[in-house]
Amino acid sequence: MAAQNEEGDPAYSLRQIVKRFPGVVANDHVNFDVRKGEIHALLGENGAGKSTLMQILYGQYGRDSGDILVDGQVCALDSTRDAIRLGIGMIHQEFMLVRRFSVVENVIMGIGDDKRWTVDLKKAADRLRELSLQHGLHVEPDDIVEQLPIGVQQRVEILKLLYRNARLLILDEPTAVLTPQETAGLFVVLRHLASMGHSIVIVTHKLHEIMEISDRVTIMRDGRVVGAVKTALSCKDELARLMVGRDVSLRAEKAPRQPGKPLLQLEGLSALDARGARALNAVALTVHEGEILGVAGVDGNGQSELAGAIMNLASITGGRVLFDGEDVTRLSPAAHHELGLAYVPADRRHVGSLGELPIHRNAILGRHRQFASACGLMEEPKIGQFADALIERFGIRPKRPDYLAGRLSGGNLQKLILGREVMRDPRAIVIEQPTRGLDVGAIEVVWRELIAQRDAGKAILLISAELEEIFNLADRIAVIYEGRIMGIVKTSEATIEQIGLMMAGEAHPANSGAPQ
Amino acid sequence: MDQGFTFSVFLVAWLTAAIRLSGPLLLAALGETFSERSGLLNIGIEGTMLLGAITSYLVTLWTGSPWLGLLAAMLIGLLANTFLAWMYVQVQANQVVVGIIFNILALGVASYTYRLSMEGVTGPQKVAMFEPIPIPGLAAIPIVGPILFTHSILLYLTVALVAVAAFVLYRTRFGLQLRAAGENPRAGSAAGIDIVRMRYAGVLISGIAAAAAGAYLVLVQVGLFRETIVAGQGFIALAIVIFGRWDPWKVAIAAFVFGAADALQLSLQLFQVGLPPQLLLSLPYLLTILAMSGILGKTHQPEALMASYRRE
């Protein structure tokens with residue numbers, strides 16, 4: 001207790017929180033403290049229970065037992081309204097904004113303490129301007145939210161909380177959709193808010209950000225708190241070990257390799273998105289055999305259309321896709337597969353797999369003809385053997401071929417999909433956001449496999465919003481911004497700052513750093 | 001006869017009828033605007049209009065008071081749409097299916113009730129109606145006077161409701177919350193808005209307005225009840241909401257255009273122009289198909305329209 005007083009008493013405390021979901025204990029007697037004026041990171045793998053814990057604190061989930069203390073007093077907190085009243089605010093990964101509303105409408109919507117039944121937007125806008133000035137969050141109250149960049153939308157979310165006099169701000173994976181520059185800006189704001197006495201919790205699994213921004217870290221694993229440390233007294237490796245319960249290599253080992261001949265070439269490829277707007281603008285890229293070409297970029301800059309256009313799943317408006325010198329632009333996705341071009345989509349649940357079918361059926365998806373007899377009956381023993389082999393090789397859990405794919409965790413599902421594509425022995429792989437939402441253990445498996453494929457001479461187009469992943473895996477990095485390639489650089493010569501600027505729309509000075 | 005005189009007679013007749021006919025369309029469409037702004041497509045307004053028509057007819061017949069008839073119709077609209085709102089919001093049934101089935105049900109209920117009530121009565125029984133009230137002074141202005149200022153109290157009220165609806169939607173806390181429910185219910189809920197309540201409110205407002213529109217048909221236009229009295233005007237109101245881009249003022253303009261198209265066919269028949277009336281008669285319906293097809297106005301539609309919402 002003495003140590004605690006030295007640091008200041010906790011402003012918000014969770015005591016012995018228990019939350020059970022059918023079949024799992026999401027929070028198992030969890031204690032968690034946040035002090036006034038500190039930035040506190042909550043670290044854990046997916047499924048460790050950190051989001052559940054924060055949603056309990058924000059009143060979105062009920063709890064089976066345990067107390068919530070504010071300034072040392074036990075408080076009744078059973079709804080979001082209660083949480084807001086107690087000064088708690090949360091920013092979800094997916095912003096809770098009405099896109100067609102103005103900033104000020106978003107900020108005041110749902111505020112219940114004002115008894116008048118008309119709204120005074122002018123007065124609210126004035127207070128909002130004052131708040132934004134005070135905290136360095138530049139936002140114009142009358143702007144319509146859908147016209148604002150993601151970073152500004154996040155500021156609107158922060159202002160929404162401050163407008164409601166939140167003293168504790170919970171941010172769930174706040175940097176997932178930001179450029180490095182926007183992230184730096186966010187961190188400045190968070191430090192300022194902490195210095196004003198606000199408490200801040202960042203839910204994350206990005207170790208380098210924790211080291212950069214947080215004062216203290218609480219680590220969760222399997223629903224329990226396994227450690228609470230001062231950031232300055234810890235290091236990345238220790239945190240990673242606590243998080244996964246064993247040592248992991250945070251860097252992927254990759255031997256230098258001379259790339260082979262060009263295999264997959266895009267020439268001036270343009271395509272529309274699902275709404276018919278231009279999403280891909282004259283993209284030219286070349287992927288060589290034995291090379292990983294990383295495509296970096298903030299989400300929503302044409303990445304999914306790029307992958308879709310290569311496989312002829314998007315509506316292509318111009319340009320060509322060449323595979324081994326042959327024009328395959330208008331060939332069906334199945335024909336692409338036949339040629340040896342594998343595709344691992346970003347949306348694992350809805351595009352990459354059929355959740356209602358078991359593992360063994362998903363394992364043969366797209367090549368079911370090879371597992372059928374001449375008269376069209378499925379050959380179950382052959383399928384079973386194949387599924388067992390796949391499960392074994394990629395360490396899919398549970399080891400049950402009849403388990404429904406839809407019930408697999410994200411990591412195991414991704415192993416299934418990647419494994420399926422790899423076992424076709426393709427010549428090239430287009431892979432989109434391969435480790436999004438995966439825990440460190442699964443990331444390791446996916447990364448190792450991709451490097452092994454590259455070393456085996458496959459051409460890999462890696463589309464990822466995670467810079468850490470791009471820098472660890474890619475031999476060259478192309479940056480996509482609003483459907484255009486802003487530049488291509490060798491990873492060995494690239495810096496995070498330079499890539500970040502390109503992700504924010506600054507063209508690379510020497511526009512093409514491609515070899516040859 | 002002087003050509004100019006004939007034309008002005010035609011113009012006055014046409015536009016007066018246009019305004020008179022657009023009244024119930026506007027009333028129903030204004031209500032539907034609230035339902036759709038809260039995120040629910042209430043196709044049941046067609047059937048609700050018919051229930052409103054039969055209720056207002058019978059109650060006015062029995063009491064002799066069109067005001068009581070109107071009030072009773074609105075009450076029935078409220079009750080029937082409480083059921084619809086429950087189906088849409090709580091049961092989360094498909095809004096199109098529920099709406100259409102409800103319309104069929106309403107037709108059955110209305111005609112059965114009418115026959116039951118009229119047993120032993122011979123010949124159509126006309127009920128007391130809302131008579132036109134020429135506004136003193138203004139109604140005497142040539143051309144404009146008769147067109148704008150010789151209508152029933154219900155029309156004047158309906159026009160006033162446009163301003164009220166716009167004020168409620170854009171200037172009140174309730175309107176902000178209702179629109180949030182229709183645009184992004186999850187965000188609204190996270191901000192502390194009771195989405196279920198807002199959506200109930202939207203459907204109930206549309207139900208009361210549609211029932212009043214049905215009463216309007218009986219008490220202002222016909223004075224009688226027929227099974228075909230609504231004849232798709234609820235669907236036309238749905239189209240008007242789309243043409244009106246979910247905004248009360250624009251909805252008012254769209255309602256007038258539809259009313260004018262309907263009146264044109266009446267006036268032209270009166271003046272014996274060579275065009276086949278069937279062609280003109282079908283005009284509002286063709287416009288409706290066009291609007292409902294989704295070619296128009298998709299971009300202005302409330303983002304969560306027809307998306308069900310369940311609390312986590």
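Because the structure is predicted, anything quoted here is derived from the model rather than measured. Below, each value reflects all heavy atoms present in this structure, side chains not excepted, and no hydrogens, waters or symmetry copies. Chain letters run A, B, ... following the sequence lines, proteins first and then strands; every chain starts at 1.
Annotation: Arg407(A), atom CZ; neighbour count of heavy atoms from other residues, nucleotides and ligands within 6.0 Å does not exceed 12. Crowding of Arg197(B) atom CZ: a count of heavy atoms from other residues, nucleotides or ligands under 6.0 Å not exceeding 12.
Side-chain contact between Arg179(B) and Glu105(A): present, with at least one pair of heavy atoms (C-beta onward) separated by less than 4.5 Å. Met109(A) places none of its side-chain heavy atoms less than 4.5 Å from the side chain of Gln177(B). Proximity of Phe101(A) to Asn184(B): side-chain heavy atoms (C-beta onward) are nowhere separated by under 4.5 Å.
One finds no salt bridge joining Glu183(B) and Arg99(A) here, because no Lys/Arg side-chain nitrogen approaches an Asp/Glu carboxylate oxygen to under 4.0 Å.
Heavy atoms only, all atoms of each residue included: Ile84(A) and Ala191(B) are closest at CD1-O, 4.5 Å. Taking each heavy atom of Ala190(B) and Thr80(A) in turn, the nearest pair found is O-CG2, 3.7 Å.
Using a 4.5 Å cut-off between heavy atoms, Pro302(B) touches chain A through its backbone atoms (N, CA, C, O) alone.
With chain A as the partner, the residue from Val168(B), Thr172(B), Asp194(B) showing the most heavy-atom pairs under 4.5 Å is Thr172(B).
Here the side chain of Arg81(A) pairs a donor or acceptor atom with the backbone of Gly192(B) at under 3.5 angstrom.
Of the inter-residue distances, the one linking Arg171(B) atom CZ with Asp120(A) atom CG reads 9.5 Å to the nearest 0.5 angstrom. Here the CG atom belonging to Leu176(B) is positioned 11.5 Å from the OG1 atom belonging to Thr118(A), to the nearest 0.5 angstrom.
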